[in-house]
Amino acid sequence: MRIDIITALPDLVASPLSHSIVGRARTSGLLDVHVHDLRDFGSGRYRQIDDEPYGGGAGMVLQAEPLFACLEAVMNESPDIPVDEVIYMTPDTQVLTQATVNALTLSSRLVIIAGHYKGIDQRVRDAVVTMEISIGDYVLSGGELPACVLVDALARLIPGVISDAESALTDSFQDGLLDAPMYTRPASFRGMDVPDVLMSGNHEVIREWRDRMRMEKTRRIRPDLLEE
Ligand code: ADE
């Protein structure tokens, strides 16, 4: 899968996308991430990319012109890999779910626009953006960290990226439930013991216990998931 990220702050996405599972996915060639600096498409001596909002108000809005120019340049790179979605990260839309992540893993190429917190010119959203994603009902300073969140959620589902294929499938949310509690050595720590069942060696009983824990935990913490 190829992912193009358009951002005014390329340094902000560099580190999160260079380590751990995403970093490995990239070095193994299973994920091809290209970060494009929007400033390269800015105008004038200061390479301007944003301006005050029409109608007034605080904050700056990313302008249509550099965004269109950057998008066109990105589309012209590797035109043999068609772009499946142009995604704009923004808090003022639907919140990302595991189902959306799963569906997006079928893509060969995604373009992600990370905007300022005050947003991008609406004409870009109207004309080129095909999908909008929020990572939660709170406002961050920009779309860079949300873009990294999306890339991370996608990378771990690309076949071959996670060695134990099962581990991604048993994640919280993959079947609409939260995960069971996990423990590792030592069996007893400061008077707190690992539940006996996990050390019983009986896989059937362990599976039943985990299923029960997942159900109880979901009912307690996220009953909304059970209603869906
Ligand atoms: N940009 C700023 N806040 C955001 C959020 N919650 N989700 C996606 N993009 C954002």
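Both counts, for ligands and for their atoms, begin at 1 and track the order of listing. Just so it is clear, the model here is predicted, and its values are computed rather than measured.
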### Task
Tell me, with the steps shown, if L38 and L9 meet side-chain contact (heavy atoms from CB on, under 4.5 Å).
CA-CA 8 Å; L38 188 58; L9 298 166; over 6 Å; no
### Summary
In ligand 1, the atoms that come under 4.0 Å of a heavy atom of I133 are 8 (C)
### Lys/Arg N to Asp/Glu carboxylate O, D92 vs R125, below 4.0 Å
yes
### Summary
The protein heavy atom nearest to atom 7 (N) of ligand 1 is I135 N, 3.0 Å
### Task
Return yes or no for this condition: an N or O of Y138 is under 3.5 Å from an N or O of ligand 1.
yes
### Message
Check D37 with R39, please: is the shortest side-chain N to carboxylate O separation under 4.0 Å?
### Response
no
### Message
I want to know if ligand 1 touches V139 in the polar sense, i.e. an N/O pair below 3.5 angstrom.
### Response
no
### Task
State, with a plain yes or no, whether a side-chain heavy atom of R109 is found less than 4.5 Å away from one of V74.
yes
### Query
For ligand 1, does P146 get within less than 4.0 Å through its side chain, its backbone, both, or neither, judged by non-hydrogen atoms?
side chain
### Task
Provide, to 0.1 Å, the distance between atom 3 (N) of ligand 1 and the closest protein heavy atom, together with that atom's residue and name.
L140 N, 3.0 Å
## Note on the structure
for atom 9 (N) of ligand 1, nearest protein heavy atom and its distance come out as T90 N, 3.2 Å
#### Entry: Proximal atoms of ligand 1 relative to G142 (non-hydrogen, under 4.0 Å)
1 (N), 2 (C)
### Message
One pair to check against side-chain contact (heavy atoms from CB on, under 4.5 Å): F68 and V124. What are the steps and the verdict?
### Response
CA-CA 7 Å; F68 268 84; V124 180; 3.8 Å; yes
### Query
How far is atom 10 (C) of ligand 1 from its nearest protein heavy atom, and which residue and atom is that?
P91 CD, 3.5 Å
### Proximity to ligand 1 by part of D137, non-hydrogen separation under 4.0 Å
neither
### Query
Using 4.0 Å as the upper bound for N to carboxylate O, is an ion pair formed by E204 and R207?
yes
## Note on the structure
Only one of I21, L31, V161, D32 passes side-chain contact (heavy atoms from CB on, under 4.5 Å) with R26, and that residue is L31
